[in-house]
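Have a look at the structure below, then the notes.
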Amino acid sequence: MTIIQAIIIAIVEGITEFLPVSSTAHMRFTNPLIGVHNSPFTDMFEVVIQFAAILSVVVIFYKKFFDFKRTSFYLKLIIAVIPALIVGAVFKDEIDAALNNLTFIAWVMVGGGILLLFIDKLFTQNNISDEQKISIPKAFVIGCFQCFAIVLPGLSRSAATITGGMQQKLTRILAAEFSFLLAVPTMFAASVKSFYDVYKDHPDVLVSYNMTILAIGGIVSFIVALIAVKSFIHYLQKHGFKIFGIYRIILGVVILVLIWKGILA
């Protein structure tokens with residue numbers, strides 16, 4: 001992977017991480033188009049720059065994230081992340097196989113897009129707008145929704161958790177914010193696991209050049225995500241998810257056509 005390739009992928013990640021369009025799918029679609037092939041390093045790179053992008057949430061919501069007096073907030077995040085940790089460990093082989101299947105990811109993109117076309121109409125009685133009113137059972141249910149994104153690459157972690165939040169009567173904005181905050185422990189755990197796996201099985205990957213590429217990718221994705229998440233929250237205050245559903249369906253169909261034509265493999 002070159003520095004230019006790393007920057008392109010990091011920009012794609014930063015823009016799409018918090019949108020309900022699946023950053024993983026976008027990176028997996030982008031890689032072959034710019035000549036990046038799957039390898040232990042690229043797999044780790046994608047996970048780590050996702051965590052870097054998600055750190056932008058800590059900056060934006062720093063008052064809430066570092067309010068150590070509110071222990072219930074941290075407890076909710078811990079409870080919500082447990083299902084993802086269990087599912088990720090139990091179905092690791094199946095998840096890895098799905099991540100390398102562009103056709104599967106494209107179909108999931110289309111299916112998730114159809115869901116987003118109707119999500120605003122499905123949940124019209126949502127009245128929980130205060131994070132303190134999210135109970136531990138509600139947090140756990142939202143965490144369970146996150147598991148769908150783990151076993152169905154291309155669904156989008158944010159789309160799954162926002163849907164879970166709205167199903168639990170959270171307003172659109174609060175569901176998005178809780179989804180963003182939940183991403184911090186989720187992707188931290190995923191990044192540590194990915195880095196450890198590479199260290200254990202492919203230590204030759206951890207050379208200075210690759211670490212430089214990783215650092216550049218992380219910085220770029222963080223900066224881009226910082227802009228994207230603010231824009232997304234502003235957009236949700238006035239609009240719904242329909243536009244993202246349309247985008248997902250169009251992109252999914254385009255990718256399927258490219259695969260059918262042999263342009264993507």
Side-chain angles (χ1 to χ4, degrees), residues 1-10 12-14 16-17 22-32 34-58 74 77-102 104-105 108 143-144 146-157 160-161 182-222 225 265:
M1 181 185 292
T2 67
I3 292 177
I4 297 300
Q5 289 171 329
I7 290 174
I8 292 173
I9 296 172
V12 170
E13 158 58 28
T16 59
E17 176 57 44
S22 180
S23 63
T24 297
H26 280 74
M27 287 190 287
R28 290 286 161 157
F29 295 155
T30 302
N31 284 345
I34 63 174
V36 175
H37 304 288
N38 290 340
S39 69
F41 174 71
T42 57
D43 290 343
M44 180 185 72
F45 179 85
E46 290 177 5
V47 174
V48 173
I49 66 169
Q50 285 186 66
F51 178 59
I54 283 164
L55 285 179
S56 63
V57 167
V58 178
Y74 300 106
L77 291 185
I78 293 172
I79 293 296
V81 80
I82 289 175
L85 298 180
I86 295 173
V87 170
V90 173
F91 297 100
K92 182 182 184 302
D93 292 340
E94 290 80 3
I95 293 168
D96 289 342
L99 281 168
N100 291 314
N101 189 332
L102 291 185
F104 178 79
I105 294 175
V108 173
C144 289
Q146 184 170 231
C147 295
F148 289 111
I150 295 175
V151 298
L152 296 172
L155 179 61
S156 166
R157 191 204 60 79
T161 49
L182 177 57
V184 177
T186 302
M187 292 312 303
F188 173 75
S191 296
V192 171
K193 179 65 166 59
S194 179
F195 195 89
Y196 173 74
D197 287 344
V198 168
Y199 173 78
K200 180 180 65 173
D201 300 327
H202 305 279
D204 55 299
V205 166
L206 304 178
V207 296
S208 59
Y209 175 78
N210 283 347
M211 293 302 97
T212 300
I213 292 290
L214 188 62
I216 292 172
I219 293 170
V220 172
S221 66
F222 170 82

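Position 1 is the first residue of the sequence, and the numbers go up from there.
When all heavy atoms are compared, the tightest approach of Gly154 to Ala25 is CA-CB, 3.9 Å. Across all non-hydrogen atoms, the minimal contact from Gly218 to Ile49 is N-CG2, 3.8 Å. Pairing each heavy atom of Val81 with each of Pro185, the nearest pair is CG2-C, 4.1 Å. The shortest heavy-atom contact between Leu155 and Ala160 is CD2-CB, 4.2 Å. In terms of heavy atoms, Ser156 sits closest to Ser22 at CB-N, 3.3 Å. Across every non-hydrogen atom of Leu182 and Gly143, the tightest pair is CD2-CA, 4.4 Å.
With rounding to the nearest 0.5 Å, the separation of CG in Leu102 from CZ in Phe29 is 6.0 Å. Between the NZ atom in Lys200 and the CZ atom in Phe195 there is a gap of 14.0 Å [rounded to 0.5 Å]. Of the inter-residue distances, the one linking Arg157 atom CZ with Gln50 atom CD reads 9.0 Å to the nearest 0.5 angstrom. Rounded to the nearest 0.5 Å, atoms OH (Tyr199) and CE (Met44) are 13.5 Å apart. Put simply, OG1 on Thr24 and CD1 on Ile105 are 8.0 Å apart, with the number rounded to the nearest 0.5 Å. Summarising the geometry, atom CD1 belonging to Ile34 is positioned 7.5 Å from atom OG1 belonging to Thr2; distances are rounded to the nearest 0.5 Å.
A 4.5 Å side-chain heavy-atom check between Pro83 and Ile86 finds every atom pair outside the cut-off. Contact annotation: the side chain of Met1 approaches that of Ile9 to within less than 4.5 Å [non-hydrogen atoms, C-beta and beyond]. Two residues are said to be in side-chain contact when any heavy atoms from C-beta on lie closer than 4.5 Å; Leu152 and Phe104 meet this criterion. Between Thr161 and Thr186 there is no side-chain heavy-atom pair separated by less than 4.5 Å. Annotation: side chain of Lys193 is not in contact with side chain of Val47 (no heavy-atom distance under 4.5 Å). Residues Glu46 and Arg28 have side chains in contact (heavy-atom distance under 4.5 Å, counting atoms from C-beta outward). The shortest side-chain heavy-atom distance between Val151 and Glu94 does not fall under the 4.5 Å cut-off. The side-chain heavy atoms of Phe91 and Ile150, taken from C-beta on, include no pair separated by under 4.5 Å.
Inspection of the Glu17 and Ser221 side chains reveals no N or O donor paired with an N or O acceptor under 3.5 Å. In this model, no donor atom of one side chain and acceptor atom of the other lie less than 3.5 Å apart for Asn31 and Gln5.
In Phe222, the CZ atom is crowded: over 12 heavy atoms of neighbouring residues, nucleotides or ligands sit closer than 6.0 Å.
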I would like to know whether Gln146 and Val87 meet side chain to side chain contact (heavy atoms under 4.5 Å, CB included); could you show each step before the answer? CA-CA 10 Å; Gln146 184 170 231; Val87 170; over 6 Å; no

Side chain to side chain contact (heavy atoms under 4.5 Å, CB included) between Lys92 and Asp197, intermediate numbers included: CA-CA 12 Å; Lys92 182 182 184 302; Asp197 287 344; 3.7 Å; yes

Run Asn210 and Phe45 through side chain to side chain contact (heavy atoms under 4.5 Å, CB included) and show every step you take. CA-CA 9 Å; Asn210 283 347; Phe45 179 85; over 6 Å; no

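Partners of Ile7 under the side chain to side chain contact (heavy atoms under 4.5 Å, CB included) rule, at least two apart in sequence or in another chain, are Ile3, Ile11, Ile216, Val220. In this view, Phe51 and Phe188 satisfy the ring-ring contact (aromatic ring centres under 6.0 Å, His included) rule, not counting sequence neighbours.
Under the 3.5 Å distance criterion, the side-chain polar atoms of Asn100 are matched with a main-chain donor or acceptor of Asp96. At least one donor-acceptor pair under 3.5 Å links the side chain of Ser191 to the backbone N or O of Met187.
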